[in-house]
K.L.:
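Structure incoming, see below.
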Amino acid sequence: MEKYNHKTIEKKWQAIWEAAGMYRALEDSPKPKQYVLDMFPYPSGEGLHLGHTENYTATCIYSRYLRMKRFNVFHPIGWDAFGLPSENYAIKTGVHPDVSTHQNIKNFITQIKSLGFSVDFTREIDTSSPEYYKWTQWFFLLLYKNGLAYKKKAKSNWCESCKTVLANEQAEGGICERCKNEVVQKDLEQWFFKITDFAEDLINDLNDVDWPSSSITAQRNWIGKSEGAIIKFKIKNEELKTTDQNSKFIEVFTTRPDTLFGVTYIVVAPELIDGGEWGMKNEEEVREYLVQVKRRTDLERTADDKEKTGVLLKGIKAINPSNQEEIPIFVADYVLGHYGTGAVMAVPAHDERDFQFAKKHNLPIKMVVCPNYPKTICPVLDSAYLGKGNLVMSGEFNGVSNEDAKEKITDFVKGRWVTKYKLRDWLVSRQRYWGAPIPIIYCETDGEVPVPEKDLPVKLPTDVDFLPTGESPLKYSKSFNDVLCPLCGKKARREADTMDTFVCSSWYYLRYVDPRNSKEFASKENLKKWLPVDMYMGGAEHIVLHLMYARFFAKVLKKFNYIEFNEPFKKLRHQGMVLASDGRKMSKSLGNVVNPNEIIGKYGADTLRLHIMFLGPLEDMKSWNDESIAGPRRFLERVWRLCEKVSDNNDEGRIEQILHKTIKKVGEDIEVFSLNTAISALMMLVNEMEKSEMITKNSYETILLLLSPFVPHITEELWHKIGNKQSIHLASWPVFDHNKIITGEVTIAVQVNGKVRDTVIVSLDNNNEDMVFGLVSTRPNVARWTLGKKIKKVIFVPGKILNIVV
RNA sequence: GCCCGGGUGGUGGAAUGGUAUACACAGGAGACUUAAAAUCUCCCGCCGCAAGGCUUGUGGGUUCGAGUCCCACCCCGGGCACCA
């Protein structure tokens with residue numbers, strides 16, 4: 001028999017499968033559907049990396065398994081083609097993004113094919129093609145017409161190096177998600193999507209998905225729902241000596257209305273001062289502080305989070321509605337303008353931040369929740385007390401548990417109970433070229449006018465200088481701005497910003513079901529046939545970006561009756577990151593990047609697929625290892641040689657039990673993505689088969705079938721070698737016989753006081769306490785521990801253990 | 001600080017409360033070979049000549065029996081972080 005040559009085998013079968021259209025999802029099939037989706041790649045110049053390889057191998061195994069279980073599997077692939085790197089590459093080299101992107105896509109396709117991934121290329125999509133972004137623009141208009149897309153001037157995250165604004169999710173901690181440079185705040189007119197309208201659904205519907213619990217928690221925290229009270233504090237101007245009952249007041253949001261009697265001052269956010277008439281005496285000092293605050297970047301604000309700066313508003317006081325105490329008002333940037341009401345009541349005794357501020361500014365600290373009740377002597381605090389207790393110093397509420405007091409005190413001061421979210425609206429404008437244009441026209445007479453649907457797509461022009469200047473490159477494209485107002489017909493100009501690429505990827509999974517439709521983003525019929533996605537696999541880094549946005553889009557579409565489901569991704573799993581062998585992230589600058597192409601050349605796609613799955617649990621972070629890939633390769637060579645032992649004339653009795661056990665184990669493991677243990681079970685089976693002189697054709701076929709989702713090429717080759725004419729990938733998954741797993745005898749461990757001293761093999765008839773005890777009690781290994789001692793107890797677990805307690 | 005994960009041989013990792021260290025990698029010994037590679041066989045947690053003892057981050061607990069459950073602590077990784 002010739003040697004196992006992965007190069008010729010893999011090429012040969014890839015060509016045959018492609019010609020046969022093997023992995024196409026069938027439009028009309030009586031079989032139940034399974035939509036298995038990968039997070040589609042950004043076609044970068046670097047090509048497919050090991051993270052992609054891990055992700056797509058896992059879903060490929062899963063898809064192949066489901067096909068063998070006779071599901072109609074829908075497993076598409078496409079390209080998240082818009083984005084900054086192509087544009088930056090263009091700036092550097094002069095190669096147009098459209099050209100480089102399509103070269104990169106070609107390379108990705110070659111690589112995907114060379115790994116034997118069973119994807120349906122007939123449904124390929126490219127978010128940068130006009131046929132696709134026409135519908136991205138259509139979604140924009142859908143949101144716009146329903147008041148869910150709006151423009152406003154706002155403090156925005158501006159990345160100086162990317163020359164564009166970013167969404168909050170992309171500027172966490174004041175660092176640009178893409179280039180890791182500092183983000184500054186700029187006041188700009190920007191387009192927003194009103195994702196906050198759906199905050200409640202986005203939280204509640206997390207109850208209905210099968211996602212990793214850590215991902216669910218991460219989304220919940222990001223949306224950040226909290227319930228509290230809005231309470232009014234009147235403002236008194238000391239100079240005017242008015243306590244004008246109806247004039248000025250501040251509203252604060254608090255989750256701790258129970259501590260209202262402990263309020264010793266009020267703090268308002270800098271943003272609030274800017275707008276209002278406050279009547280303080282030290283106007284100049286306050287203005288100076290506001291200027292200072294504006295200069296500080298987010299990075300600085302978080303870096304010195306111990307130092308809480310702020311300025312007293314002189315000449316005015318707030319009145320605590322619970323006890324009519326007059327308390328000072330401060331402006332401080334530890335209070336955020338965009339959250340709650342932009343003002344807080346400060347209770348230094350029961351809030352850590354207020355405590356720090358009070359210490360710094362020598363403000364009174366008044367404890368009103370006491371843990372020692374009914375003793376009302378409260379401890380001296382060296383930090384805020386956040387625990388439970390009963391109220392003290394709180395007038396008629398003394399003694400009430402602080403939990404009960406929340407509602408009572410809110411009612412007492414006529415506050416109202418509200419729900420707030422940390423989630424903010426999604427900023428979608430980008431001042432860059434390589435994205436979908438925003439379909440809005442500005443007219444001198446009619447103002448902001450949406451592009452009529454019939455005029456979509458608004459095509460991305462080519463006569464553009466995309467050197468970033470801080471202004472949108474499209475602003476200076478002649479052809480792009482040669483446009484008339486759809487309402488009055490006068491000369492107008494187009495919105496020059498493009499959309500965040502996350503808009504494109506928020507609905508791509510819908511397009512796969514009807515990728516060439518020019519009348520709708522997808523037909524209702526096809527949407528109904530394939531959706532929702534049954535299994536979604538991708539990196540955990542997208543949990544508050546893509547996965548939040550895509551859920552938001554689905555909620556919008558559901559609301560306007562385009563789709564029938566609430567949640568787009570029923571089941572979600574993440575693959576862990578693959579680190580370099582030194583345990584660090586793979587990066588070009590560190591020179592530790594492993595290129596899948598090289599591994600494929602040296603060991604073959606099958607070996608790479610097997611190795612990357614065998615490295616450890618799918619969701620764990622793992623380090624690449626060049627050395628241990630020898631194991632999977634040797635294993636495949638053993639499977640190859642096993643072919644020579646196939647013979648017709650012997651029964652498979654000896655390996656029958658392990659064969660059926662393995663069928664069961666491998667199937668169960670694939671279903672829960674425990675692929676490393678599935679592989680080890682397959683290795684054990686092969687080890688057993690090697691010990692036999694001969695193996696039956698049936699057993700050999702079975703192991704090939706079990707292996708075929710993992711290593712599609714070598715199994716196809718061997719399958720044909722032993723005489724099959726049809727592809728192994730059209731065969732059914734083997735069925736195990738439960739009776740063959742249970743054999744006539746079991747091994748029982750014999751313990752004395754919980755320590756194993758012996759084992760015994762008994763027949764099923766003898767698998768009971770009396771028989772086993774009788775068999776082993778006189779054995780030397782047992783007797784030496786029990787002799788002369790009183791047996792207190794015997795525990796017997798059938799088929800497992802006999803424990804003698806002395 | 002808060003919220004999730006996780007700590008098992010030289011290494012990657014297995015173990016529905018029931019024989020810890022499966023399956024691999026690396027290492028060692030041998031067979032085949034003129035030789036090497038490949039392949040095959042055996043060994044491989046620690047202490048001990050052995051009998052045996054010890055061992056799943058540390059210390060307690062529950063249990064006939066704990067890597068697995070409970071409590072406290074230590075360490076590592078990830079996410080969030082002035083959201084009142």
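Protein chains get the first letters and strands the later ones, always in sequence-line order, with residue 1 at the start of each.
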K.L.:
Looking for any heavy atom pair under 4.0 Å, which part of the strands does A:Glu352 touch: base, sugar-phosphate only, or nothing?
P.N.:
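Here A:Glu352 touches no strand at all.
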K.L.:
Tell me the partner of B:A24, counting only Watson-Crick (N1-N3 plus N6-O4 or O6-N4) or G-U wobble (N1-O2 and O6-N3) with both under 3.5 Å; none if nothing fits.
P.N.:
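Pairing partner, where one exists within any strand: B:U11.
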K.L.:
Rounded to whole angstrom, note down the P distance from B:U21 over to B:G10.
P.N.:
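Going atom to atom, P in each nucleotide, I get 16 Å.
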K.L.:
Please work out whether the ring planes of A:His738 and A:Phe736 are parallel, tilted or perpendicular, with thresholds of 30° and 60°.
P.N.:
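Taking A:Phe736 first and then A:His738, their aromatic rings sit tilted (interplane angle of 30° to 60°).
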K.L.:
Could you classify B:G78 for me, syn or anti, using a glycosidic angle within 90° of 0 as syn?
P.N.:
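Anti conformation here, the glycosidic angle of B:G78 being more than 90° from 0.
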K.L.:
Taking the six-membered ring for Trp, are the ring centroids of A:Tyr421 and A:Tyr339 within less than 6.0 Å of each other?
P.N.:
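Ring-ring flag for A:Tyr421/A:Tyr339: false, centres at least 6.0 Å apart.
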K.L.:
Do the side-chain N or O atoms of A:Arg757 get closer than 4.0 angstrom to the phosphate oxygens (OP1, OP2) of B:G53?
P.N.:
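A:Arg757 to B:G53 OP1/OP2: side-chain N or O found under 4.0 Å.
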K.L.:
With a non-hydrogen cut-off below 4.0 angstrom, is A:Val805 in contact with a base, only sugar-phosphate, or nothing?
P.N.:
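Sugar-phosphate, no base atom in range.
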K.L.:
Mind checking if A:Lys793 touches a base, just sugar-phosphate, or nothing, with heavy atoms under 4.0 Å?
P.N.:
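Sugar-phosphate contact only.
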K.L.:
Any sub-3.5 Å donor-acceptor pair from A:Glu325's side-chain atoms to A:Asn320's backbone N or O?
P.N.:
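No; judged by distance alone, with no hydrogens or angles, the pair does not exist.
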K.L.:
Between A:Lys691 and A:Glu688 (salt bridge meaning N to carboxylate O under 4.0 Å), is one present in this structure?
P.N.:
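So A:Lys691 pairs with A:Glu688 through a salt bridge.
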K.L.:
Any side-chain N or O of A:Arg641 under 4.0 Å from OP1/OP2 of B:C40?
P.N.:
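Yes, because at least one side-chain N or O of A:Arg641 sits under 4.0 Å from OP1 or OP2 of B:C40.
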K.L.:
What nucleotide, of B:U39, B:G52, B:G18, holds the atom closest to the side chain of A:Trp785?
P.N.:
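Nearest to the side chain of A:Trp785 among the choices is B:G52.
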K.L.:
At 4.0 Å (heavy atoms only), tell me whether A:Phe614 reaches a base, stays on the sugar-phosphate, or touches nothing.
P.N.:
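Contact class for A:Phe614: base.
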K.L.:
Give the ring-plane orientation class for A:Trp640 versus A:Tyr4, where under 30° counts as parallel, over 60° as perpendicular and anything between as tilted.
P.N.:
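Correct class here is tilted.
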K.L.:
With ring pair (Phe, Tyr, Trp, His ring centres under 6.0 Å) as the test, would you mind laying out the steps for A:Phe357 and A:Tyr265 before giving the verdict?
P.N.:
CA-CA 10 Å; A:Phe357 191 83; A:Tyr265 58 97; 5.5 Å; yes
K.L.:
If we take the P atom in both B:G57 and B:G53, what is their distance in whole Å?
P.N.:
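About 22 Å, rounded to a whole number of Å.
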K.L.:
Between B:A66 and B:G48, how many Å separate the two C1' atoms, rounded to a whole number?
P.N.:
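Pairwise C1' distance, B:A66 against B:G48, rounds to 27 Å.
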K.L.:
Hunt down the Watson-Crick or G-U wobble partner of B:G1, both distances under 3.5 Å, from any strand shown, or write none.
P.N.:
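When the pairing criteria are applied, B:C80 turns out to be the nucleotide that pairs with B:G1.
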K.L.:
Answer yes or no: is there an ion pair linking A:Arg573 with A:Asp210, defined by an N-O contact shorter than 4.0 Å?
P.N.:
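A:Asp210 and A:Arg573: salt-bridged.
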K.L.:
Base, sugar-phosphate or nothing for A:Ile795? Non-hydrogen atoms, less than 4.0 Å.
P.N.:
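Here A:Ile795 touches the bases of the nucleic acid.
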K.L.:
Among the nucleotides B:C25, B:C64, B:C80, which one has an atom lying closest to any side-chain atom of A:Glu627?
P.N.:
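The closest nucleotide is B:C25.
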K.L.:
Heavy atoms under 4.0 Å, any strand shown: does A:Arg633 hit a base, just sugar-phosphate, or nothing?
P.N.:
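Here A:Arg633 touches no strand at all.
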K.L.:
Using a cut-off of 4.0 Å on non-hydrogen atoms, how would the nucleic acid contact of A:Trp624 be classed: base, sugar-phosphate, or nothing?
P.N.:
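No contact.
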K.L.:
Using the C1' atom on both, measure B:C3 against B:G12 and round to a whole Å.
P.N.:
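My reading of the C1' atoms in B:C3 and B:G12 gives 29 Å.
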K.L.:
Counting heavy atoms from C-beta on, name the nucleotide in B:U39, B:C64, B:A81 closest to the side chain of A:Trp222.
P.N.:
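Nearest listed nucleotide: B:A81.
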K.L.:
For A:Asn625, answer base if it contacts any base atom (sugar-phosphate contacts may also be present), sugar-phosphate if it contacts only those atoms, and nothing otherwise; contact means non-hydrogen atoms under 4.0 Å.
P.N.:
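Nothing: the residue A:Asn625, judged by heavy atoms under 4.0 Å, touches no strand.
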K.L.:
If I pick the P atom on B:C54 and the same atom on B:A20, what distance separates them, to the nearest angstrom?
P.N.:
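Each nucleotide's P atom is 13 Å from the other's.
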K.L.:
Below 3.5 Å, does any donor atom in the side chain of A:Lys800 face an acceptor in the base of B:U16, or the other way round?
P.N.:
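Answer is yes: a donor-acceptor pair is held.
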K.L.:
Aromatic ring centroids of A:Phe192 and A:Trp426 under 6.0 Å?
P.N.:
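No - the distance between ring centres of A:Phe192 and A:Trp426 does not fall below the 6.0 Å cut-off.
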K.L.:
Please name the nucleotide paired to B:U63 by Watson-Crick or G-U wobble geometry with both distances under 3.5 Å, or report none.
P.N.:
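The answer is none; no pair meets the criterion.
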K.L.:
When you compare B:G78 with B:A29, how far apart are their P atoms, in angstrom units rounded to a whole number?
P.N.:
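It works out to 41 Å between them.
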K.L.:
So what does A:Ser213 touch, heavy atoms closer than 4.0 Å: a base, only the sugar-phosphate, or nothing?
P.N.:
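The answer is nothing, as A:Ser213 stays clear of every strand by at least 4.0 Å.
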K.L.:
Looking at A:Asn221, does any N or O in its side chain come under 4.0 Å of the phosphate oxygens OP1/OP2 on B:C2?
P.N.:
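A:Asn221 to B:C2 OP1/OP2: no side-chain N or O under 4.0 Å.
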K.L.:
Under a 3.5 Å cut-off for both distances, is B:U41 Watson-Crick or wobble paired, and to whom?
P.N.:
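With both distances under 3.5 Å, B:U41 matches B:A29.
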K.L.:
Look at the side chain of A:Asn803 and decide which nucleotide, out of B:A51, B:U19, B:G65, has an atom nearest to it.
P.N.:
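Looking only at side-chain atoms, A:Asn803 lies closest to B:G65.
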K.L.:
With the side chain of A:Met621 defined as its heavy atoms from C-beta on, choose the nearest nucleotide among B:A51, B:C23, B:G77.
P.N.:
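Among the listed nucleotides, the one closest to the side chain of A:Met621 is B:G77.
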K.L.:
Is the phosphate of B:C54, meaning OP1 or OP2, less than 4.0 Å from a side-chain N or O of A:Lys755?
P.N.:
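Indeed, a polar side-chain atom of A:Lys755 lies that close.
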K.L.:
Using the C1' atoms only, state how far B:G17 lies from B:A31, rounded to an integer number of Å.
P.N.:
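That atom pair is separated by 45 Å.
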K.L.:
Counting the atoms with a prime plus P, OP1 and OP2 as sugar-phosphate, which does A:Arg424 contact under 4.0 Å by heavy atoms, base, sugar-phosphate, or nothing?
P.N.:
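Contact class for A:Arg424: none.
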K.L.:
Any N or O donor-acceptor pair linking the side chain of A:Lys308 to the base of B:C82 at under 3.5 Å?
P.N.:
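A donor-acceptor contact between them is present.
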K.L.:
Can you tell me how far P in B:G18 sits from the matching atom in B:C70, rounded to whole Å?
P.N.:
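The same atom, P, in both gives a distance of 15 Å.
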